[in-house]
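Read the structure below first, then the notes.
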Amino acid sequence: MLLTKFDPFKQFKELEKNFYNYPSNEGVNGFVPVVNTRESENSYHIDVDLPGIKKEDISVDVDKNVLTISGERKTREEVKEEDYYKVETSFGKFSRSFTIPENTDIENINAKSNDGVLEIEIPKVEATKTKKTIAINQLNKGIQLIPLKIENKKKKQLQLTNLIRGFSQSP
């Protein structure tokens with residue numbers, strides 16, 4: 001009889017494994033490169049794993065604060081042995097897009113490729129002060145009653161009338 005040790009957290013481990021198990025990067029139409037992002041004090045960094053892809057096949061574009069990394073991967077593997085010959089070819093296009101914050105200097109973005117890793121540095125700019133305190137003025141929209149003396153010459157009668165002055169005139 002085979003005895004196995006009981007692990008009460010086995011299902012949680014499997015759940016975590018399935019949660020972090022991304023779909024395969026390979027596909028019929030292409031692949032999705034693995035990306036790491038981080039932020040430093042002066043810039044944002046994006047590192048993209050692109051093994052076997054030449055820098056001539058990679059494009060980095062910025063349009064309306066959206067940084068897009070795209071390209072095409074072409075690989076061909078040949079194996080010639082005494083009794084067989086095998087050729088495996090894979091290719092595909094990829095594209096990843098990132099919305100970059102407003103406080104970045106898009107004119108000075110730096111990208112370099114080294115050993116199959118594309119490193120993009122997006123410098124930050126100092127945020128300008130956009131906060132402004134606005135004074136609040138008191139607006140008197142009440143109705144004022146102003147006594148007015150009107151003389152009617154035909155009836156020789158004095159009338160004291162109130163004229164309403166309000167919203168259309170300022171006090």
Side-chain angles (χ1 to χ4, degrees), residues 1-139 141:
M1 175 153 103
L2 181 63
L3 293 175
T4 58
K5 186 176 176 183
F6 175 70
D7 185 3
F9 297 105
K10 182 178 179 182
Q11 288 180 334
F12 287 119
K13 289 177 186 176
E14 288 178 14
L15 179 66
E16 182 181 19
K17 181 179 148 187
N18 290 337
F19 182 75
Y20 290 111
N21 186 15
Y22 298 108
S24 173
N25 285 343
E26 302 297 323
V28 174
N29 294 328
F31 75 105
V32 179
V34 176
V35 175
N36 295 316
T37 58
R38 66 186 192 287
E39 178 180 1
S40 67
E41 188 175 325
N42 298 321
S43 60
Y44 298 99
H45 300 271
I46 300 174
D47 300 327
V48 186
D49 292 335
L50 300 170
I53 300 177
K54 300 174 187 170
K55 69 178 184 176
E56 295 83 21
D57 294 333
I58 303 169
S59 174
V60 179
D61 301 306
V62 177
D63 184 28
K64 298 179 184 172
N65 281 3
V66 175
L67 181 118
T68 302
I69 304 163
S70 58
E72 188 171 359
R73 179 176 75 162
K74 304 171 200 165
T75 60
R76 182 179 175 133
E77 182 182 335
E78 286 187 51
V79 177
K80 293 181 182 179
E81 292 293 326
E82 201 173 290
D83 55 345
Y84 71 93
Y85 176 72
K86 178 177 89 168
V87 176
E88 288 188 18
T89 305
S90 64
F91 59 92
K93 294 183 179 186
F94 65 91
S95 179
R96 295 288 303 260
S97 296
F98 304 91
T99 302
I100 55 178
E102 294 289 329
N103 67 335
T104 57
D105 183 7
I106 61 172
E107 297 299 322
N108 292 315
I109 294 177
N110 184 23
K112 59 185 174 181
S113 180
N114 187 22
D115 293 331
V117 177
L118 175 66
E119 299 174 16
I120 300 172
E121 181 181 6
I122 307 165
K124 293 180 183 178
V125 293
E126 189 174 320
T128 58
K129 287 192 173 187
T130 57
K131 184 176 179 181
K132 179 182 175 183
T133 303
I134 300 171
I136 301 172
N137 299 321
Q138 185 171 357
L139 180 60
K141 289 197 170 193

Which distance, rounded to the nearest 0.5 Å, do you find between the CG of N114 and the CG of L118? 10.5 Å
To the nearest 0.5 angstrom, please state how far the NE2 atom of H45 sits from the CZ atom of R38. 5.0 Å
Which value, rounded to the nearest 0.5 Å, describes the distance between D61 atom CG and S70 atom OG? 6.0 Å
One should read off an interatomic distance between K54 NZ and R73 CZ, to the nearest 0.5 angstrom, of 14.0 Å
CD-NZ distance between E81 and K86, expressed to the nearest 0.5 angstrom: 9.5 Å
Could you pull out the closest heavy-atom pair between F94 and E72, with the gap in Å? CE2-N, 3.7 Å
Enter the distance from I106:CD1 to N65:CG here, rounded to the nearest 0.5 Å. 6.0 Å
Closest heavy-atom pair and its distance - V117, D47: CG1-CB, 4.4 Å
If you apply the rule side chain to side chain contact (heavy atoms under 4.5 Å, CB included), what do you find for I46 with I69, and how did you get there? CA-CA 10 Å; I46 300 174; I69 304 163; 4.2 Å; yes
Looking at every non-hydrogen atom in both residues, tell me the closest pair between S43 and P123 and how far apart they are. CB-CA, 3.8 Å
Minimum side-chain heavy-atom gap D63-T68 below 4.5 Å: no
Heavy atoms of K124 and S40 approach each other most closely as NZ-O, 3.0 Å
Taking side chain as C-beta onward, heavy atoms only, is I100 less than 4.5 Å from Y44? no
Holding to side-chain hydrogen bond (donor to acceptor under 3.5 Å, both in side chains), I want the full list of residues that pass it with T133, two or more places apart in sequence or in another chain. none
From the list D57, V34, V35, I58, side chain to side chain contact (heavy atoms under 4.5 Å, CB included) with L50 holds only for I58
